[in-house]
Amino acid sequence: MDSKEETLKIPTHVGLIMDGNGRWANAQGLPRLAGHRAGVENLRGVITAGIKFGIKYLSFYAFSTENWNRPKDEVFGIMDLLSEFIDRETVPLHEEGVRILHIGHLDRLRPSLVDKIEYAVNLTKNNRKITVQLAFNYGGRDEIVSAVRKIISSGARPDEVTEALIGRNLFTAGIPDPDLIIRTSGEMRTSNFLMWQSAYSEWVFPTTYWPDFNEEVFKEMLREYSRRDRRFGGLSSK
Ligand code: FPP
């Protein structure tokens, strides 16, 4: 089919698990951090592709609560990369109408990085062309534990605890659940990403390593998503 005639179903919210940086680097005889650098450099193009497709929310899994278990050099290297990314990209993204949000815990991050994240979130808070959530020091189980703590501290009675109340106490409060989650590199796991929110997400697992994930592969994933019949536990609409 001519691509101009193609009708794709465009998800409102796409989550991306950016996997395969290490293997990408290894395949070219480079250190792992070079893979992460290439991964960060890929973010801007994927955001631009998301805007072009008309997606309203993109959530990127950049650093999980479990990633602290990696060697110190790699952990601090990823922190430096996020810091450089914010320095370099916040103003251009702002000018493109991107709202940047952070999900995860800011404690444990160095104060200068926390300041940068807060600056990026604050500068872009009124933009609505697309919302980019950066999951950094994020874990789905940890997010649910935090929500339960907040609810208990608020003094809610057991019968007041509903799915909606839990949703309002997650980091993602006010953001629609992801329709589609893409995990690159061929690994087929959810790895604690948006556990609560992904209950009815469609998942796809392209074999492409994250640094090579581009508009073309993204479009192929949207084609796959368009073929899916989402039933949300009900019966087919077809
Ligand atoms: C997965 O590759 C990637 C990570 C665990 C996080 C790395 C972070 C980024 C690409 C981008 C971070 C974004 C910002 C804005 C800092 P892997 O190391 O698990 O690869 P492997 O499975 O091939 O070893």
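Model, not experiment: these values are computed from the prediction. Each ligand, and each atom within it, is numbered from 1 in the order the structure gives. This chain uses plain numbering: 1 for the first residue, then up along the sequence.
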Legend entry - Ion pair check, Asp179 and Arg230, cut-off under 4.0 Å: yes
Inset, instruction - Kindly write out the residues that satisfy side chain to side chain contact (heavy atoms under 4.5 Å, CB included) with Glu74, not counting sequence neighbours, or none if the list is empty. - result: Arg32, His36, Arg70, Pro71, Ile78
Legend entry - Trp68: partners by side chain to side chain donor-acceptor pair (under 3.5 Å), with sequence neighbours left out: Asn137
Legend entry - Residue that, paired with Glu202, satisfies salt bridge (charged side-chain N to carboxylate O under 4.0 Å, His left out) out of Arg183, Arg231, Arg228: Arg228
When you pair each N or O of ligand 1 with protein N or O atoms, which pairs come out under 3.5 Å?
| residue | atom | partner | partner atom | Å |
| --- | --- | --- | --- | --- |
| ligand 1 | 2 (O) | Gly20 | N | 3.4 |
| ligand 1 | 2 (O) | Asn21 | N | 3.4 |
| ligand 1 | 18 (O) | Arg32 | NH2 | 2.7 |
| ligand 1 | 18 (O) | Arg70 | NH1 | 2.7 |
| ligand 1 | 19 (O) | Asp19 | OD1 | 3.2 |
| ligand 1 | 19 (O) | Arg70 | NH2 | 3.0 |
| ligand 1 | 20 (O) | Gly20 | N | 3.4 |
| ligand 1 | 20 (O) | Asn21 | N | 3.3 |
| ligand 1 | 20 (O) | Gly22 | N | 3.0 |
| ligand 1 | 22 (O) | Asp19 | OD1 | 3.1 |
| ligand 1 | 22 (O) | Arg23 | NE | 3.4 |
| ligand 1 | 22 (O) | Arg23 | NH2 | 3.0 |
| ligand 1 | 23 (O) | Gly22 | N | 3.4 |
| ligand 1 | 23 (O) | Arg23 | N | 2.7 |
| ligand 1 | 23 (O) | Arg23 | NE | 2.7 |
| ligand 1 | 24 (O) | Arg32 | NH1 | 3.0 |
| ligand 1 | 24 (O) | Arg32 | NH2 | 3.2 |

Extract all donor-acceptor atom pairs below 3.5 Å that involve side chains of residues 50-61 and protein atoms in other chains or at least two apart in sequence.
| residue | atom | partner | partner atom | Å |
| --- | --- | --- | --- | --- |
| Lys52 | NZ | Glu215 | OE1 | 3.4 |
| Lys52 | NZ | Glu215 | OE2 | 2.7 |
| Lys56 | NZ | Arg128 | O | 3.4 |
| Lys56 | NZ | Lys129 | O | 2.9 |
| Ser59 | OG | His13 | NE2 | 2.7 |
| Ser59 | OG | Gln133 | NE2 | 2.8 |
| Tyr61 | OH | Ser191 | O | 3.0 |

Legend entry - Ion pair check, Arg141 and Glu66, cut-off under 4.0 Å: no
